[in-house]
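Read the structure below first, then the notes.
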Amino acid sequence: MEESGVQTINIIDAPHHVNERVKIGVWLTDKRSSGKIAFLQLRDGTAFFQGVLLKNKVTPEVFELAKHELRQEASFWVIGEIHEDTRSKFGYEIQIEDIEVIDASEDYPIGNKEHGIDFLLDNRHLWLRTSKPQAMMKIRDRVIRANYEYFGDHGFTKIDPPILTGNAPEGTTDLFHTKYFEQDAYLSQSGQLYEEAGALALNKVYSFGPVFRAEKSKTRRHLIEFWMIEPEMAFMHQEESLEIQEEYVAYLVQKVIDDCSHELEVLGRDPETLKPFTQTPYPRISYDEAIELLQKGGLDVQWGDDFGSPEETFLADHFSKPVFILNYPKSIKPFYMKGHPTRDDVYVCADLLAPEGYGEIIGGSERETDYDTLLQAVKDAGLDPKDYAWYLDLRKYGSVPHSGFGLGLERFLSWITLQDHLRTTIPFPRMLNRLYP
RNA sequence: GCUGAAUUAGCUCAGUUGGUUAGAGCACCUGACUGUUAAUCAGGGUGUCACAGGUUCGAGUCCUGUAUUCAGCGCCA
């Protein structure tokens with residue numbers, strides 16, 4: 001190919017190059033041919049569209065490539081003219097004049113017919129090449145950027161907590177154990193305690209990173225490794241934190257609606273159905289009211305029980321938007337939360353339940369600020385105060401009211417893209433029995 | 001961890017009451033077709049029936065155990 005004057009472009013930019021000769025690096029996703037015309041379905045990672053070859057306009061060698069030699073996922077350069085054409089799904093196509101093969105592809109395992117989830121997860125490194133995973137990764141990227149935008153624009157500083165830790169932030173769940181030279185160490189299951197230190201240093205902070213739970217959870221709502229956003233705000237009580245939470249979630253949803261309409265469509269989520277979620281405030285009910293609602297609905301729960309997924313779904317179904325459940329019993333929430341001012345049996349806390357059965361996407365609370373109360377809570381939780389000495393220090397030197405929350409990225413993505421499992425919202429899911437690829 | 005289901009060709013699956021040589025579609029190869037959209041049409045053969053025992057003249061099919069996967073529950077975000 002001696003094509004010095006031809007511009008190299010991406011498929012996504014094809015509409016700006018109509019009737020121009022261009023060069024594009026592509027992979028083959030599928031092909032069809034007749035005796036004198038061939039259609040190559042192409043992708044380059046920016047979009048999918050098709051190339052058309054007419055037998056009487058290319059050399060016999062090139063037509064033979066298109067008809068026979070090129071296999072699914074072969075990589076090659078195409079040179080040709082961009083045409084607008086309503087018969088093509090993308091609206092544009094390239095009339096191919098020449099093909100320069102880069103690499104062949106033999107026996108590509110993923111076909112264009114249906115596959116089972118186990119096979120697809122075994123081939124996740126290749127499955128990412130297809131349209132639905134690509135749409136999901138683009139939405140995931142947009143949500144991650146929206147996080148940085150939102151907190152950056154609201155005076156937050158990103159503070160990165162350690163992933164290797166010597167103590168268990170919440171003490172209750174199973175942690176991944178490892179060695180830190182001679183000491184025991186654990187993979188972080190939450191950055192929250194460190195974010196509290198950050199908030200007392202920098203006022204409003206947040207973290208975004210992976211966390212690890214060695215729980216034998218085997219459900220559509222759990223991953224072993226997942227990504228969490230954990231903001232923490234000094235001089236802030238819970239009510240103001242709730243206002244930030246709903247404004248933040250509404251912002252994320254709005255950005256996806258604005259910038260990912262094509263990706264939502266690929267994943268089967270009508271953007272119109274997301275619009276109500278951009279309207280704040282979100283409803284708030286107390287844990288007490290939630291129990292009453294559940295009991296009236298015939299569910300077998302008592303005050304003091306934690307909600308399982310049937311309960312969460314039942315509650316969420318009563319509202320057309322995400323709903324905050326306020327002030328849970330102390331017995332089912334972690335030790336660091338602040339006690340209610342007029343009741344000694346509940347914390348000042350809230351979970352945000354997503355609609356449509358997607359469960360808890362945010363858990364948050366005001367934090368305990370009194371040294372002695374927190375010390376007692378550490379002991380009551382069966383934890384060693386020595387391990388939490390630094391955390392207790394935060395209540396010793398200028399303790400202030402502060403509140404924070406954590407949003408599970410994959411839970412959020414699963415909800416706004418209507419996935420039936422978190423595993424499709426992360427590039428390489430770590431699950432109970434899946435560490436590969 | 002509990003409950004239920006599944007495991008047959010590279011993939012997705014069928015396989016009747018236990019009975020000859022194990023079935024289809026897709027993928028792959030050959031040929032036809034100038035607008036295909038999971039193209040269509042004709043032809044071409046895939047195999048440790050998850051593994052280990054057992055019952056039987058005979059087991060993909062029935063029994064026992066094991067492994068793995070899926071779905072739901074519990075725990076949680």
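The chains referred to below are lettered A, B, ... by the order of the sequence lines, with proteins before strands, and numbering in each begins at 1. Below, all heavy atoms of this structure are taken into account, side chains as well, without hydrogens, waters or symmetry copies.
Rounded to an integer number of Å, the gap from A/Glu311 CD to B/rG74 C1' is 11 Å. In this entry the distance linking NZ of A/Lys67 with P of B/rU34 reads 9 Å, nearest Å.
Proximity of A/Arg221 to the phosphate of B/rC73: a side-chain N or O atom is located under 4.0 Å from OP1 or OP2. Considering only side-chain N and O atoms, A/Ser88 lies nowhere under 4.0 angstrom from the phosphate OP1 or OP2 of B/rU37. Distances shown here put a side-chain N or O of A/Lys89 below 4.0 Å from the OP1 or OP2 atom of B/rA38.
With salt bridges taken as basic N to acidic carboxylate O contacts below 4.0 Å, none links A/Arg21 and A/Asp98. Between A/Lys321 and A/Glu246, no side-chain nitrogen of the basic residue sits less than 4.0 Å from a carboxylate oxygen of the acidic one, so the salt-bridge criterion is not met. In this structure, A/Arg43 pairs ionically with A/Glu73, as a charged nitrogen and a carboxylate oxygen lie closer than 4.0 Å. Ion pairing between a basic and an acidic side chain is recognised when a charged N comes within 4.0 Å of a carboxylate O; A/Arg142 and A/Glu149 show such pairing.
Of the listed nucleotides (B/rU69, B/rC76, B/rU12), B/rU12 has the atom at the smallest distance from the side chain of A/Phe119. When distances are taken from the side chain of A/Thr219 to each of B/rC76, B/rC73, B/rC11, the shortest belongs to B/rC73. Listed nucleotides: B/rU34, B/rG74, B/rU37. Nearest to the side chain of A/Arg87: B/rU37.
Within residues 122-141 of chain A, no residue is approached by RNA chain B to less than 4.0 Å at the level of any non-hydrogen atom.
Under the Watson-Crick and G-U wobble criteria, each requiring two contacts below 3.5 Å, nucleotide B/rC2 is paired to B/rG72.
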Restricting both atoms to N or O, compile the protein contacts to nucleotides 40-44 of chain B shorter than 3.5 Å, with distance only.
none

Could you list all N or O pairs between the protein and nucleotides 26-29 of chain B that sit under 3.5 Å apart?
unit_1 : atom_1 : unit_2  : atom_2 : d
B/rC29 : OP1    : A/Arg71 : NE     : 2.9
B/rC29 : OP1    : A/Arg71 : NH2    : 2.8

Review item, nucleotides 1-5 of chain B N/O atoms under 3.5 Å of protein N/O:
none

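If you check every strand for non-hydrogen atoms under 4.0 Å, A/Ile361 touches sugar and phosphate atoms only. Contact annotation for A/Gln50: base contact, defined as any heavy-atom pair under 4.0 Å involving a base atom. Residue A/Leu409 is classed as having no contact, given no heavy-atom separation below 4.0 Å to the nucleic acid. As judged by a 4.0 angstrom heavy-atom cut-off over every strand, A/Arg423 is placed among residues touching the sugar-phosphate backbone only.
In this structure, A/Tyr150 has its ring center no closer than 6.0 Å to that of A/Tyr206.
Side-chain atoms of A/His222 come within donor-acceptor range of the base of B/rC76, with a qualifying N/O pair under 3.5 Å. One donor-acceptor pair, N or O on each side, does fall under 3.5 Å between the base of B/rU34 and the side chain of A/Asn56. Taking only distance into account, the side chain of A/Gln41 never meets the base of B/rU37 through a donor-acceptor pair shorter than 3.5 Å.
Under a 3.5 Å cut-off, the side chain of A/Thr280 and the backbone N or O of A/Tyr282 do not form any donor-acceptor pair.
Here side-chain hydrogen bond (donor to acceptor under 3.5 Å, both in side chains) pairs that include residues 131-141 of chain A, with residues two or more places apart or in two chains, are A/Arg140-A/Glu410, A/Asp141-A/Arg145.
For the pairing with A/Phe156, the ring pair (Phe, Tyr, Trp, His ring centres under 6.0 Å) check across A/Phe208, A/Tyr148, A/Tyr248, A/Phe151 returns one residue only, A/Phe151.
Taking atom P in both B/rG47 and B/rA38, one finds a spacing of 31 Å when rounded to whole Å.
Annotation: salt bridge (Lys or Arg N to Asp or Glu O under 4.0 Å) contacts of A/Lys89 (sequence neighbours excluded): none.
When the nearest nucleotides of RNA chain B are assigned to A/Ile332 and A/Asp420 by heavy-atom distance, the more 5′-ward of the two goes with A/Asp420.
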